[in-house]
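First the structure, in the form of structure tokens, and then the observations on it.
These numbers come from the heavy atoms of this one structure, side chains and all, not from hydrogens, waters or symmetry mates.
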Amino acid sequence: MILAKDKAPQKDYDKKTRYPKHRITLYLMLFYEAFWRIIGANLLFILFCIPIVTIPAAIGGLTRVMSRFARDEQAYVIDDFMKGFKQEWKKNTAFAAIQLVFIALAYVAIGVYSKLIDNSTFSAILVALVLAVAIMFFAISNYVYVMIASVDLSLKQIIRNALALYLIKPFGTLITMIVQAVIIFVAIGYFPVGLFLPIVFGFSIMSFTASFNSWPQIEKYVITPHNKTKEGDL
């Protein structure tokens with residue numbers, strides 16, 4: 001695991017004094033407190049996605065805002081969004097390009113192997129393997145975008161950490177992907193009425209959920225050990 005410092009140190013007060021016992025309750029509490037700002041960030045995200053090529057940078061802006069909400073940090077929607085949009089656009093764009101290449105390769109591989117399934121058990125195994133790798137890749141993507149917004153590491157180091165964190169605790173990532181899948185299903189399955197969800201706050205919910213479920217592992221395995229190492233050097 002590659003350690004790193006937190007870009008946005010936490011508040012001084014002890015959050016545990018106001019935190020509920022169960023994380024689902026905490027999730028709902030933080031979401032409720034930031035509800036209208038979450039909608040504002042979602043609309044801002046859609047606006048900045050209009051040029052298409054700026055979508056990765058817009059993801060960075062949205063993730064910065066949602067990660068601060070999920071960590072119970074003070075966030076200023078426009079200011080933090082613009083910082084995330086401008087400061088890390090290269091990393092976000094580079095990773096989005098990697099995602100596109102991966103999607104294209106997985107699509108071609110599944111298409112080719114699927115045609116051979118009737119004639120080969122091995123081909124069926126290859127299809128299952130490609131699907132498993134694709135699921136894992138999109139799972140670690142949630143960690144990648146949150147770490148780009150949260151820690152000072154190269155993209156290569158972030159991807160390595162994301163893979164390690166996914167293998168350490170995949171359950172939280174699975175919940176994130178289920179939430180994201182439900183939103184996408186509603187938007188597509190109930191089109192055009194279903195588009196109301198992503199337009200109002202769907203993108204923000206997906207980013208908020210990814211940040212909420214990813215941050216405990218990032219803090220525990222990446223940031224806290226880094227801080228302890230620094231303290232030991234003093």
Side-chain angles (χ1 to χ4, degrees), residues 1-10 23-24 26-27 30-31 41 45 55-73 75 80 83-85 87-103 106 131-184 202-227:
M1 192 72 67
I2 302 169
L3 310 184
K5 67 178 182 179
D6 185 358
K7 288 182 180 179
Q10 298 183 2
R23 280 189 59 77
I24 182 62
L26 174 61
Y27 175 92
L30 295 176
F31 182 82
F45 170 76
I55 290 177
I59 292 174
L62 182 65
T63 304
R64 179 183 174 93
V65 177
M66 292 303 111
S67 65
R68 294 183 70 85
F69 286 154
R71 295 164 57 183
D72 194 20
E73 294 293 329
D80 282 304
K83 285 181 179 178
F85 184 90
Q87 293 176 0
E88 303 295 350
W89 69 269
K90 290 182 180 179
K91 289 181 184 177
N92 285 304
T93 302
F95 185 68
I98 293 173
Q99 285 183 304
L100 288 175
V101 171
F102 180 86
I103 291 171
L131 289 173
V133 172
I135 291 172
M136 183 178 69
F137 180 79
F138 284 107
I140 70 170
S141 297
N142 290 302
Y143 280 112
V144 170
Y145 283 115
V146 175
M147 276 193 281
I148 289 176
S150 305
V151 299
D152 287 311
L153 291 173
S154 68
L155 181 58
K156 181 179 178 180
Q157 292 172 326
I158 286 174
I159 294 174
R160 286 176 57 186
N161 276 357
L163 178 59
L165 291 172
Y166 169 75
L167 294 175
I168 290 172
K169 195 170 183 179
F171 182 69
T173 313
L174 177 61
I175 294 176
T176 298
M177 293 185 69
I178 290 174
V179 171
Q180 293 170 339
V182 168
I183 292 174
I184 293 173
F203 296 111
S204 287
I205 291 178
M206 290 191 284
S207 181
F208 178 83
T209 304
S211 298
F212 182 83
N213 287 327
S214 301
W215 179 250
Q217 282 66 253
I218 295 172
E219 183 178 40
K220 180 178 180 180
Y221 294 105
V222 179
I223 294 174
T224 299
H226 173 274
N227 294 339

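Side chains of Q99 and P56 form no contact here, defined as non-hydrogen atoms less than 4.5 Å apart. Between R64 and Q87, some side-chain heavy-atom pair lies under the 4.5 Å cut-off. I159 has its side chain within reach of I98: a pair of non-hydrogen atoms, C-beta onward, lies under 4.5 Å apart. Side chains of N161 and Y221 form no contact here, defined as non-hydrogen atoms less than 4.5 Å apart. The shortest distance between side-chain heavy atoms of F138 and I103 falls below 4.5 Å.
With sequence neighbours excluded, no residue forms a side-chain contact (heavy atoms from CB on, under 4.5 Å) with A97.
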Result block: side-chain N/O donor-acceptor pairs under 3.5 angstrom for residues 167-178, not counting sequence neighbours:
{"residue": "T176", "atom": "OG1", "partner": "G172", "partner atom": "O", "Å": "3.2"}
{"residue": "T176", "atom": "OG1", "partner": "N213", "partner atom": "ND2", "Å": "2.9"}

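Closest non-hydrogen pair, F69 versus A75, comes out as CE2-CB, 3.5 Å. Of all the heavy atoms in T63 and S211, the pair that sits closest is O-OG, 4.2 Å. When all heavy atoms are compared, the tightest approach of A58 to F45 is O-CD1, 3.4 Å. Nearest heavy atoms, A162 versus I140: CB-O, 3.7 Å. Residues A94 and L155 share a closest heavy-atom pair of CB-CD2, 3.7 Å.
Counting only distance, with no hydrogens or angles, the side chain of K91 and the backbone of G60 share no donor-acceptor pair below 3.5 Å. With hydrogens and angles ignored, the 3.5 Å screen pairs a side-chain donor or acceptor of S214 with a backbone N or O of A210.
Separation of atoms CG (D80) and OG (S67) is listed at 8.0 Å; rounding is to 0.5 Å. Between the CZ atom of R23 and the CG atom of L30 there is a distance of 9.0 Å, given to the nearest 0.5 Å. In this structure, CE on M66 lies 13.5 Å from CD1 on I59, to the nearest 0.5 angstrom. A distance of 7.5 Å separates CZ of F212 from CD1 of I24, quoted to the nearest 0.5 Å. Distance check, rounded to the nearest 0.5 Å: CH2 of W215 to CE of M147 gives 10.5 Å. From T93, atom OG1 reaches atom CD of E88 across 10.5 Å, with rounding to the nearest 0.5 Å.
Between F95 and Y145, the ring planes are perpendicular. Angles over 60° get that label, and only those under 30° would be called parallel.
A donor-acceptor contact under 3.5 angstrom links the side chains of T209 and Y27, judged on distance only.
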